[in-house]
There are 2 protein chains.
Amino acid sequence: MEAERTRPRPSGSANGTGTLGKAIDVLELVAETDEPIRFTEILRRCDQPRGTLHRQLSNLVEEGLLVVNRDHSYSLGVRLLKFASKAWANNEFRVIAEPHLRRLHELTGETVHMGVLRGLEVIYLDKVESRQAVRMYSQIGNASPVFCTGVGKAALSCLSKETVEEMLPRIAFRRFTEHTLVDPATFAKAIDRARSEGVAYDREEHEIGIRCVAAPIHTADRSFVAGISVTAPAYRAGEETIAGWVDLVREAAAAIMDDMRNRLGPRV
Amino acid sequence: MEAERTRPRPSGSANGTGTLGKAIDVLELVAETDEPIRFTEILRRCDQPRGTLHRQLSNLVEEGLLVVNRDHSYSLGVRLLKFASKAWANNEFRVIAEPHLRRLHELTGETVHMGVLRGLEVIYLDKVESRQAVRMYSQIGNASPVFCTGVGKAALSCLSKETVEEMLPRIAFRRFTEHTLVDPATFAKAIDRARSEGVAYDREEHEIGIRCVAAPIHTADRSFVAGISVTAPAYRAGEETIAGWVDLVREAAAAIMDDMRNRLGPRV
DNA sequence: AATCATCGTTCCGATATTTGGAACGTTATT
DNA sequence: AATAACGTTCCAAATATCGGAACGATGATT
């Protein structure tokens, strides 16, 4: 069970340990709130002494990770953008996958995503779409639940039945649409099926009118577990259409994993 | 000089204070290296004891800000993307400026940027362009020098002559092209001119073949200092063309500052 | 305009974490 | 196989954090 040791803790809040961990927990708390948040409000949500919280916030501001607004509310600092820009540009998996994502987009004409598993969330690493109707950055970096996204289910299908079983009770199955799978057992069955078929689906489970097909990608040692998907509005993605994408997505995933083995060396 | 107190320290490396500051310095060091970097290499660059560095790295990995690769090299973690995604989406100034940037793009047909001053750097907050030839994320979050970018010079023109004077010795004037201003005195004159004219230029100072016109935007208290710009390849941006953009950029900047006053309230 | 309540900041002894040198395994190289 | 370089662990000493309480600022209410 060595691999478990450094696994990121569940995406739930406030279990950071050490000085850094506590500070990042505060940062996360500000991030989760999608608008400027004031001192007292933060104080209420993280149970810490006033003095302590005040110093932590000051340190975060000093580092440029937070900014204080005129009304003493806190927002995320632009320095985070700089870090992320580097994290994105230098991510080896993303660089390797990129041409394959582009090809998949050309073959299907639809939006293609790549998302990596982190704890109980999927974080989108890349996106290829034709029309720039939706804003850039609209998806990259976004964190979505594993249980109602194609990429999330595909990623989980990389893990063993037992590992998934252990995750289930920590997942907060929340109903997003009438099609969302909210029963852990049903969900587990869907993962089993994805594992044997090599593809996972999202039929309007996260958002009404949006469907997708996804396939898993991972390193041999499962230290990197992710998924790629083709997403389209439901009216363009009937069952027959979706079925036609399955092989394309699977092949793209296989090609990416091939490249990963060749360029990064086989892992364990 | 109260305003100086919490100003982000110069973008140079390794002057973080406190436990958090030191950890973020290490993170920055990894970020600056554009490829995976190994323990010993980090050790050489930050003069810290082995044991200390080892623990700091472990903590950063534990928090998901770094990842360790199979060969013990370190890369930035995807958790940074999640933070940045929120920082971008929720940035009030960006949200306010966005429609104006779009309009400016429509009026000129060229790429429009918005960048904010942070220490001695400009960090790009937004970008609007028609063709998606260049990858998304290609610019956002990017940190560029103040002294050879239109946005950087525009931003500096918001500051007093004295403040700029104090910054000069800390700026590492590096020659990017034959047109780069590498003499502090000449550069200071350019800023003075930008201050009186309300626009700054970049005539292939950062990159051969790229020119731009930029205008400053800022809050009354200068806690937010930024610039917007229209950028184009030199063959499409002759002197007459650029001159035609000046008023458009200035007007867009004025409109953004109007909106800022209305929506955020006048600051100081 | 004055009062009161809420909010944010500062202070300092107690506490827990970090620090840093050295010794110990582990992996690559000759 | 021997050697060197690298990464990890350990623990007493140093130091930053912790956290309660007092203080000052802000702004809402009468």
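Throughout, protein chains are lettered first and strands after them, A, B, ... in sequence-line order, and every chain is numbered starting at 1. These numbers come from a predicted model, not from an experiment.
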Please encode protein proximity along nucleotides 14-23 of chain C as a string of B, S and -, counting only heavy-atom distances under 4.0 Å. ---SSBBB--
Applying the side-chain contact (heavy atoms from CB on, under 4.5 Å) test to A/Ile24, which of B/Leu65, B/Asn59, B/Leu60 qualifies? B/Leu65
Any carboxylate oxygen within less than 4.0 angstrom of a Lys/Arg side-chain nitrogen, looking at A/Glu32 and B/Lys86? no
Output the rounded distance in Å from CD1 (B/Ile37) to C1' (D/dG7). 15 Å
Short side-chain N/O contact from B/His54 to OP1 or OP2 of D/dG7, under 4.0 Å: no
Check whether A/Phe173 forms a cation-pi arrangement with A/Arg175 (NZ or CZ under 6.0 Å from the six-membered ring centre, at most 45° off the ring normal). no
Looking at A/Arg38, does any N or O in its side chain come under 4.0 Å of the phosphate oxygens OP1/OP2 on C/dC7? no
Charged N to carboxylate O under 4.0 angstrom, B/Glu165 versus B/Lys161? no
Rounded to the Å, how far apart are A/Glu62 CD and D/dT17 P? 11 Å
Can you tell me how far P of C/dG8 sits from CG of A/Leu57, to the nearest Å? 10 Å
Can you tell me the distance, in whole Å, between the CG atom of A/Leu43 and the C1' atom of D/dG19? 12 Å
Without decimals, in angstroms, what is the distance between A/Glu41 CD and C/dG8 C1'? 15 Å
Any chance CG of B/Asp71 has more than 12 other-residue heavy atoms, nucleotides or ligands included, within less than 6.0 Å? yes
Would you kindly give the CG-to-P distance between B/Leu53 and D/dC6, to the nearest whole Å? 14 Å
Could you check whether A/Glu41 pairs with A/Arg38 (Lys NZ or Arg NE/NH1/NH2 to Asp/Glu carboxylate O, under 4.0 Å)? no
Can we call the ring centroids of B/Phe39 and B/His72 under 6.0 Å apart? no
Take nucleotides 25-30 of chain C nucleotide by nucleotide from the 5' end and write B, S or -, depending on whether a protein heavy atom sits under 4.0 Å from the base, only from the sugar-phosphate, or from neither. ------
Lys NZ or Arg CZ of A/Arg222 over A/Phe224 ring: under 6.0 Å, within 45°: no
